[in-house]
Amino acid sequence: MQNEEWDYLLKKFRRLGGTADNIKLKKGKNGRGIFSINPGDRSKIMTPKNILIKRSDIQLCDNNISIKTNSKTAKVEKEFIEHYYNELSWGNGGRRDSQTFLSQILSMPISIKSDLARYRFIDKRILDYQDNAETLLERFIDERAFQFEGESVLVPMLELVNHSNYAPPFRATKAGIETPPFPPTHSELLHKYSGKNSPMSLWRTYGFSSKGIAAYSIPFEIRINQLSIIFRCFGQQEAGNESSSTGTIDSKILSIDSFPAGCQSHKLPFANLVSIIAPMGAKPDIAKNLIAFIQNINIQAREKLLDAIQAQEKYQAPELCAALRYEIEMIQASLEATESSKL
């Protein structure tokens, strides 16, 4: 993008109430991103409420992003949003990146796709993806959607800030959505896309691989004879709410939505398991044997997928393979930490 176009967009953005302090657009190690101009000053982006656009108000018209006529967005804001997305986002790499991910899914061998769905690494509906404009737009929006006041919205300008698990999350205020309070820096501005990312969830949602906070278990069902219960995990690839994390009992079946098989805090999976089954009367040795079993089946599932992908001559999925490796390493480290600890 030419500097003149970037300056024009910044000028329009600020006129509509946006904040864009001490920022420039350039390419770095994470691809295109936002950097500070003066490392001695603070940087900030705040996208105001009036140019947050509901995903339901977005459509394609002649392969360009447009706002539906029944949208409540004002004319000036509508013109800015359409110009921004068609010149800088959808029309300047965003469409291509979304198409690349969908092409990877569409060309994926059925056996690999089925395993990814069975392990809940992808949604089953992805098996039926069609190569059309509607699917492409849906994927583009999914990669950029923020939550604001209970709505899924697109956020011009702020969407340009790249992800880091070690950065603070964005902030939603009454005025709009803004970057976290960055200290002065000469580096790229980054924020955390979501609270408890796993490498596989980052790949599934955004199409890139990155080390995550946790790796969540595939679905499992284990009979614990000593407790006369069946322990079941549905394999949700994100942290469950408080009640689903502690489990629910129904006819001697202990069910949880998700379970961290691996974590950067290596001992957390074992501690989490103890908190779930200790109220049932489980002794520490039961928990230790159970966590080892859970972690091993998770490592084996990911290794099987890696081997299947790498055995393909024509199919390449480097970001997916990297995400699987990150999770294997994290689960293996948690397994070793538990094995070496004393009960």
Side-chain angles (χ1 to χ4, degrees), residues 115-116 118-121 164-167 192 194-203 209-242 244-247 254-310 320-343:
D115 279 345
L116 284 169
R118 180 160 58 92
Y119 296 143
R120 295 199 65 182
F121 291 143
S164 170
N165 279 311
Y166 307 103
K192 186 186 296 184
S194 60
K196 294 185 178 180
N197 295 299
S198 71
M200 286 298 289
S201 68
L202 287 170
W203 168 79
S209 61
S210 174
K211 291 185 177 181
I213 303 300
Y216 294 96
S217 179
I218 62 174
F220 64 76
E221 185 171 295
I222 305 168
R223 178 176 294 278
I224 308 177
N225 291 327
Q226 299 94 322
L227 303 178
S228 299
I229 63 168
I230 292 174
F231 182 33
R232 175 186 295 161
C233 174
F234 294 110
Q236 179 177 294
Q237 292 298 301
E238 59 186 7
N241 58 41
E242 187 174 346
S244 66
S245 296
T246 54
L254 173 62
S255 298
I256 57 174
D257 287 338
S258 66
F259 182 79
C263 186
Q264 286 189 1
S265 178
H266 299 328
K267 295 183 179 180
L268 185 142
F270 178 67
N272 187 281
L273 180 62
V274 169
S275 71
I276 294 170
I277 65 173
M280 308 287 298
K283 295 181 179 179
D285 61 327
I286 295 176
K288 194 166 186 178
N289 290 333
L290 187 57
I291 192 67
F293 179 81
I294 293 169
Q295 289 169 331
N296 276 310
I297 63 172
N298 274 276
I299 291 170
Q300 291 163 12
R302 289 162 173 82
E303 288 178 339
K304 176 187 172 185
L305 270 169
L306 258 181
D307 291 343
I309 294 168
Q310 293 169 343
L320 170 56
C321 289
L324 287 167
R325 291 190 189 99
Y326 286 142
E327 296 211 347
I328 290 169
E329 291 171 5
M330 198 167 4
I331 299 169
Q332 185 65 47
S334 290
L335 173 61
E336 291 171 359
T338 302
E339 290 177 339
S340 62
S341 66
K342 294 181 180 180
L343 293 178

Does the distance from a Lys or Arg side-chain N to an Asp or Glu carboxylate O, for K304 and D307, drop under 4.0 Å? no

Could you walk me through whether F121 and R302 pass the side chain to side chain contact (heavy atoms under 4.5 Å, CB included) check? CA-CA 10 Å; F121 291 143; R302 289 162 173 82; 3.6 Å; yes

Could you check whether any side-chain N or O of [X] sits under 3.5 Å from a backbone N or O of [Y], counting only pairs where one atom can act as donor and the other as acceptor?
X    : Y    : answer
R232 : I256 : no
N272 : L268 : no
Q295 : A261 : yes
Q237 : S217 : yes

What heavy-atom pair brings [X] and [Y] nearest, and what distance separates the two atoms?
X    : Y    : value
N298 : I218 : OD1-N, 2.8 Å
Q264 : Y166 : NE2-OH, 3.1 Å
F259 : P269 : CZ-O, 3.3 Å
A337 : K267 : CB-CG, 4.2 Å
M330 : P199 : CE-CD, 4.0 Å
I276 : M280 : O-CG, 4.2 Å

What verdict does the ring-ring contact (aromatic ring centres under 6.0 Å, His included) test give for F231 and F220, after you've listed the backbone C-alpha separation in whole Å, the side-chain angles of each residue and the deciding distance to 0.1 Å? CA-CA 8 Å; F231 182 33; F220 64 76; 5.4 Å; yes

Output, in order, the C-alpha distance, side-chain angles, deciding distance and verdict of salt bridge (Lys or Arg N to Asp or Glu O under 4.0 Å) for R118 and D115. CA-CA 5 Å; R118 180 160 58 92; D115 279 345; 2.7 Å; yes

Verdict with supporting geometry, L335 and I291, side chain to side chain contact (heavy atoms under 4.5 Å, CB included): CA-CA 8 Å; L335 173 61; I291 192 67; over 6 Å; no

Before you tell me yes or no, could you show the steps for I213 and S198 under side chain to side chain contact (heavy atoms under 4.5 Å, CB included), namely the whole-Å CA-CA distance, both residues' side-chain angles and the distance that decides it to 0.1 Å? CA-CA 6 Å; I213 303 300; S198 71; over 6 Å; no

Hey, could you give me the [atom1]/[atom2] distance between [X] and [Y], rounded to the nearest 0.5 Å?
X    : Y    : atom1 : atom2 : answer
H266 : S334 : NE2   : OG    : 6.0 Å
N165 : S210 : CG    : OG    : 5.0 Å
C263 : I331 : SG    : CD1   : 11.0 Å
Y216 : S258 : OH    : OG    : 6.5 Å
L306 : R325 : CG    : CZ    : 5.5 Å

Would a 4.5 Å heavy-atom cut-off, applied to side chains only, mark L320 and M200 as touching? yes

P219 versus R120: any side-chain heavy-atom pair under 4.5 Å? yes

Before you tell me yes or no, could you show the steps for L305 and L116 under side chain to side chain contact (heavy atoms under 4.5 Å, CB included), namely the whole-Å CA-CA distance, both residues' side-chain angles and the distance that decides it to 0.1 Å? CA-CA 8 Å; L305 270 169; L116 284 169; 3.9 Å; yes

By the definition side-chain contact (heavy atoms from CB on, under 4.5 Å), identify the one residue from L227, I224, I277, I222 that meets it with L254. I277

